[in-house]
Amino acid sequence: MLNDFWKQFKSGTDIRGVAVDGAGYDVNLTDDAVAAMVNGFILWLAGKKAAKTDELKISVGRDSRISGPHMLEVAVRSMLRAGVTVIDCGLASTPAMFMTTVDMSCDGALQITASHHPYYRNGLKFFTREGGLDSEDITSVLEYAQSGDKPEESRGGKRIDSDYMNRYALSLREMIKREVNSEDDYNHPLKGFKIIVDAGNGVGGFYAADVLELLGADIRGSQFLEPDGMFPNHIPNPENEEAMASISKAVTDFGADLGVIFDTDVDRGGAVDSEGKEINRNRLVALASAIALDGNKGGTIVTDSITSSGLKDFIENNLCGKHLRFKRGYKNVINEAVRQNQNGVNCPLAIETSGHAAMRENYFLDDGAYLVTKIIIKMAQLRKEGKKLDTIIADLAEPVESKEIRIKITEKDFRTYGEKVISDLLEYSKKQKGFNIADDNHEGVRVSFNKTNGNGWFLLRLSVHDPIMPLNIESDNKGGVDKIYQKIKPFLESCEGLETYVKPAAPKNEAAKKTGVKAEEKASAKKTTSKATNKKKAGTADVEEKKTSVKKSASADEAKAETVAEKESAATGKPDKKAEVKTETKTEEKEDKTSVPNKTESKKAAEKSDEEDKEKKTSVKKAPAKKTTKKTEE
């Protein structure tokens with residue numbers, strides 16, 4: 001069994017921790033901890049492959065965060081000591097690292113990433129040819145680390161630099177050429193299209209220059225393509241409101257046909273149509289489902305538990321498919337889709353509302369670049385028919401209001417208590433008039449209400465990782481969310497192990513979002529029309545210098561990250577915040593806007609920001625990424 005120290009790193013199927021000092025948290029991803037976990041993965045993989053450690057070939061890559069280069073070196077040293085052949089991919093996307101197990105016959109792969117989390121966090125994500133490691137596999141890796149077990153030392157290890165990202169980009173280009181099959185210009189099937197890419201300073205900038213532009217697309221207006229592990233512009237997350245407003249505005253400003261956006265490591269993606277309307281959450285699931293069910297009539301789409309009632313109706317009635325609403329957690333969704341196919345069910349897609357989308361045709365790999373590539377292909381095909389992308393999901397009914405309330409569990413054994421709450425709520429709901437319990441639910445308790453009782457539904461579930469019970473509510477009536485909330489409120493107040501909270505703030509008006517761009521302009525937002533050098537310029541800054549120059553921004557980063565405070569509380573013992581109300585289901589909190597500065601204060605703040613920007617430019621020395629050459633043909 002894992003002790004508290006090693007248990008803190010486990011985040012479902014990932015390993016996460018604090019890697020950079022100066023943000024108010026103790027660093028726990030130390031060199032020793034990282035080396036121990038990499039040793040654990042080597043031992044686990046050797047056991048799985050029934051091979052000696054010096055017979056293994058493992059690829060290693062990282063995202064753009066500032067601790068990545070150092071952690072990569074620590075990992076490589078551990079592998080070389082064990083005699084492993086290391087394929088160093090450098091700056092790479094998470095999906096590309098999995099693909100090295102397919103294209104380069106690597107026994108395993110390691111990606112150093114913490115997804116959309118703040119700059120000071122990082123983590124380890126492991127793959128085999130079968131996909132990402134499951135939760136129990138991560139536990140085994142950490143148990144090796146806890147026991148201090150190490151592979152036997154060997155002198156046979158070698159390091160081979162690889163430009164695999166070029167090969168990965170080529171595969172996406174070839175797929176677009178093949179599936180668009182342009183009669184006018186086969187090699188430039190995107191000629192005449194304006195497509196904007198927002199990489200959020202993660203590793204997704206390659207998609208603009210190395211995929212779209214080479215196929216003839218006009219990528220002017222693309223932004224934040226250069227890797228910068230401080231994420232100075234917005235959180236790289238397709239669920240973040242500020243990020244989506246930024247890409248929406250860029251699309252309308254430049255008159256683009258489409259905007260695409262990635263999270264830091266490109267395992268998630270989102271889009272914006274030509275009118276600046278967001279294609280994420282239920283809209284993204286609907287569009288991906290339409291694409292996946294083309295040629296798979298009657299197929300089953302597996303989603304997470306918080307999808308809307310309108311989405312189910314769209315998949316089953318408009319697309320003639322089947323909707324399996326499963327559990328929250330992208331790995332849960334993917335594993336269920338794999339299981340369905342193993343049982344003979346035609347299931348071409350597993351997708352979570354967060355933007356994790358895994359297609360059967362692509363090894364059930366959650367790949368944001370692959371997803372947006374499929375969307376771009378569909379857009380090009382529709383243009384031949386004189387149609388636009390938004391026509392596919394025009395009939396999707398979306399809720400008028402939606403809200404997520406995250407309720408903190410105060411009991412020490414939060415999982416046992418949370419399961420009891422779910423059981424009690426099920427019995428409570430059976431006795432309440434007007435409570436219609438969903439018979440197709442696989443997580444928590446989902447109850448729907450008729451038009452006179454709120455015209456919507458609620459879902460109470462236990463968080464996958466944290467001592468939190470998210471309560472999702474949607475309604476097709478204005479004021480319906482609060483009406484539904486009032487029906488469950490007495491039950492929640494009767495649960496002594498749940499933190500008491502005040503009446504939720506006004507819900508998000510989902511219908512209003514459909515009418516146009518939310519476009520809250522950021523005066524300081526930089527736009528980059530990068531051409532072809534994003535991948536070659538890693539933009540990796542010296543960690544210590546960047547830490548010094550940006551300490552002042554740490555608190556803002558913390559406020560925006562998804563439930564970061566909750567995770568840090570579990571990891572470090574620091575007190576957590578009260579239960580938080582979120583409009584929509586998204587991974588970031590909005591910055592507090594209760595205090596509005598006057599014009600003088602705003603001017604001073606702007607001047608101060610300009611001065612800090614100048615200081616940052618002079619103090620942060622950007623070290624160009626080493627130029628890698630492929631020493632062997634894999």
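What you see is a predicted model, and the numbers here were worked out from it, not measured in a lab.
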#### Entry: Taking every non-hydrogen atom, the tightest pair across G355 and L371
O-CD2, 4.2 Å

### Query
Under a 4.5 Å cut-off applied to non-hydrogen side-chain atoms, are F126 and Q111 in contact?
no

### Message
Contact between K312 and T307 at the side-chain level, heavy atoms closer than 4.5 Å - yes or no?
### Response
no

## Note on the structure
Heavy-atom closest pair (P399 atom, D476 atom, distance to 0.1 Å) is CA-OD1, 3.4 Å

### Query
Which residue pairs pass the ring pair (Phe, Tyr, Trp, His ring centres under 6.0 Å) test with at least one member in residues 315-340, sequence neighbours excluded?
F326-H442, Y330-H356

### Query
Taking the side chain as C-beta and beyond, is there a heavy-atom pair between D88 and S162 under 4.5 Å?
no

### Query
So, E336 and Q340: side-chain donor and acceptor under 3.5 Å apart, yes or no?
yes

### Message
Taking E278 first and then R283, would you say they form a salt bridge - that is, a charged N and a carboxylate O separated by under 4.0 Å?
### Response
no

### Task
Look at atom NZ of K322 and say whether more than 12 heavy atoms of other residues, nucleotides or ligands are closer to it than 6.0 Å.
no

### Message
Determine whether a donor-acceptor pair (N or O, by modelled atom type, separation under 3.5 Å) exists between the side chain of D185 and the backbone of P189.
### Response
no

### Task
Apply salt bridge (charged side-chain N to carboxylate O under 4.0 Å, His left out) to K388 and D257, showing your working.
CA-CA 9 Å; K388 287 189 173 183; D257 299 294; over 6 Å; no

### Between CE on residue M379 and CG on residue D273, distance to nearest 0.5 Å
11.0 Å

### Task
Go through the steps for E352 and R328 under the test salt bridge (charged side-chain N to carboxylate O under 4.0 Å, His left out), then give the verdict.
CA-CA 7 Å; E352 194 182 36; R328 187 73 166 157; 3.8 Å; yes

### Query
Under the 6.0 Å and 45° cation-pi test, does R129 pair with F98?
no

### Query
Could you go step by step and tell me if S246 and F224 meet the side chain to side chain contact (heavy atoms under 4.5 Å, CB included) rule?
CA-CA 11 Å; S246 181; F224 318 137; 3.7 Å; yes

### Task
Before accepting this row, confirm whether a basic side-chain N of the pair E385/R383 lies closer than 4.0 Å to the acidic partner's carboxylate O.
no

### Task
Kindly state each residue pair satisfying ring pair (Phe, Tyr, Trp, His ring centres under 6.0 Å) with at least one member in residues 366-402, sequence neighbours excluded.
none

### Message
Looking at D253 and K249, is any side-chain nitrogen of the basic one under 4.0 Å from a carboxylate oxygen of the acidic one?
### Response
yes

### Under 3.5 Å side-chain donor-acceptor pair for D103 and Y164
yes

### Query
Given side chains that start at C-beta, do those of L459 and S305 come closer than 4.5 Å, heavy atoms only?
yes

### Message
Checking E474 against F458 for the side chain to side chain contact (heavy atoms under 4.5 Å, CB included) test, could you report, in this order, the C-alpha distance in whole Å, the side-chain angles of both residues, the deciding distance, and whether it holds?
### Response
CA-CA 7 Å; E474 285 190 357; F458 75 72; over 6 Å; no

### Query
Which atom names give the shortest non-hydrogen contact between S93 and Y168, and what distance separates them?
OG-CE2, 4.1 Å

### Message
Can you confirm whether more than 12 heavy atoms, excluding those of K327, are under 6.0 Å from its NZ atom?
### Response
no

### Query
Do L258 and L389 touch side chain to side chain, with heavy atoms closer than 4.5 Å?
yes

### Message
Pair D304, T353 - check side chain to side chain donor-acceptor pair (under 3.5 Å), show working.
### Response
CA-CA 7 Å; D304 57 335; T353 47; 2.8 Å; yes

#### Entry: Sole candidate of D367, D366, D263 that passes salt bridge (charged side-chain N to carboxylate O under 4.0 Å, His left out) when paired with R268
D263

### Message
Could you walk me through whether L215 and K191 satisfy the side chain to side chain contact (heavy atoms under 4.5 Å, CB included) test, starting with their C-alpha distance in whole Å, then the side-chain angles of each, then the deciding distance to 0.1 Å, before giving a yes or no?
### Response
CA-CA 7 Å; L215 296 178; K191 186 179 292 184; over 6 Å; no

### Task
Look at the side chain of D228 and the backbone N and O of M230, then say whether any donor-acceptor pair between them is shorter than 3.5 Å.
yes

### Message
Is there a side chain to side chain contact (heavy atoms under 4.5 Å, CB included) between N280 and M244? Walk through the geometry before answering.
### Response
CA-CA 9 Å; N280 62 356; M244 292 308 296; 3.7 Å; yes

### Query
Is R461 reaching over with its side chain to a backbone N or O of L471, donor-acceptor style, under 3.5 angstrom?
no

### Task
Could you check K374 against E179 for salt bridge (charged side-chain N to carboxylate O under 4.0 Å, His left out), going step by step and ending with a plain yes or no?
CA-CA 9 Å; K374 296 294 288 187; E179 296 192 24; 3.2 Å; yes

### Message
Checking the side chain of N240 only, and the main-chain atoms of A243 only, is there a donor and an acceptor separated by less than 3.5 Å?
### Response
yes

### Message
Regarding T94 and D267, do their side chains bring together a donor and an acceptor under 3.5 Å, going by distance alone?
### Response
no

### Task
Check whether any side-chain N or O of N237 sits under 3.5 Å from a backbone N or O of E239 as a donor-acceptor pair, and report yes or no.
yes

### Heavy-atom closest pair, residues L214 and A209
CG-O, 3.5 Å

#### Entry: Donor-acceptor contact below 3.5 Å, side chain S115 vs main chain H117
no

### Task
Compute whether any side-chain donor of one residue and acceptor of the other, for R16 and N122, lie under 3.5 angstrom apart.
no

### Query
So, N441 and R325: side-chain donor and acceptor under 3.5 Å apart, yes or no?
no

### Query
Cut-off 3.5 Å, side chains only: do N346 and R360 have a donor facing an acceptor?
yes

### Non-hydrogen atoms of P118 and R65 that approach each other most closely
O-NH1, 2.9 Å

### Query
Would you say N181's side chain and K177's backbone share a donor-acceptor pair under 3.5 angstrom?
no

### Message
Can you confirm whether L170 sits close enough to M175 that some side-chain heavy atom of one is under 4.5 Å from a side-chain heavy atom of the other?
### Response
no

Which side-chain N or O atoms in residues 197-207 pair as donor and acceptor under 3.5 Å with protein atoms at least two apart or in another chain?
from, atom 1, to, atom 2, distance (Å)
D198, OD1, G200, N, 2.9
D198, OD1, H234, NE2, 3.1
D198, OD2, Q223, NE2, 2.8
D198, OD2, H234, NE2, 2.9
N201, OD1, N233, ND2, 2.8
N201, ND2, E226, O, 2.9
Y207, OH, T373, OG1, 2.7

#### Entry: Residues K378, D294; criterion salt bridge (charged side-chain N to carboxylate O under 4.0 Å, His left out); working and verdict
CA-CA 11 Å; K378 177 58 70 174; D294 186 8; 3.5 Å; yes

#### Entry: From CG (L293) to CG (L319), nearest 0.5 Å
5.5 Å

### Query
Side chains of D14 and I138: closer than 4.5 Å at any heavy-atom pair?
no

### From S135 atom OG to N335 atom CG, the distance as rounded to the nearest 0.5 Å
10.5 Å

### Task
With the side chain counted from C-beta on, respond yes when Q381 and K387 share a heavy-atom pair under 4.5 Å apart, and no when they do not.
no

### Query
If you measure from the Lys or Arg side-chain nitrogens to the Asp or Glu carboxylate oxygens, is any gap between K384 and E183 under 4.0 Å?
no

### Message
Within this structure, what is the CD1-CG distance for the pair I301 and L324, rounded to the nearest 0.5 Å?
### Response
10.0 Å

### Message
Restricting to non-hydrogen atoms, name the atom on A250 and the atom on G221 that form the minimum distance, rounded to 0.1 Å.
### Response
CB-O, 4.2 Å

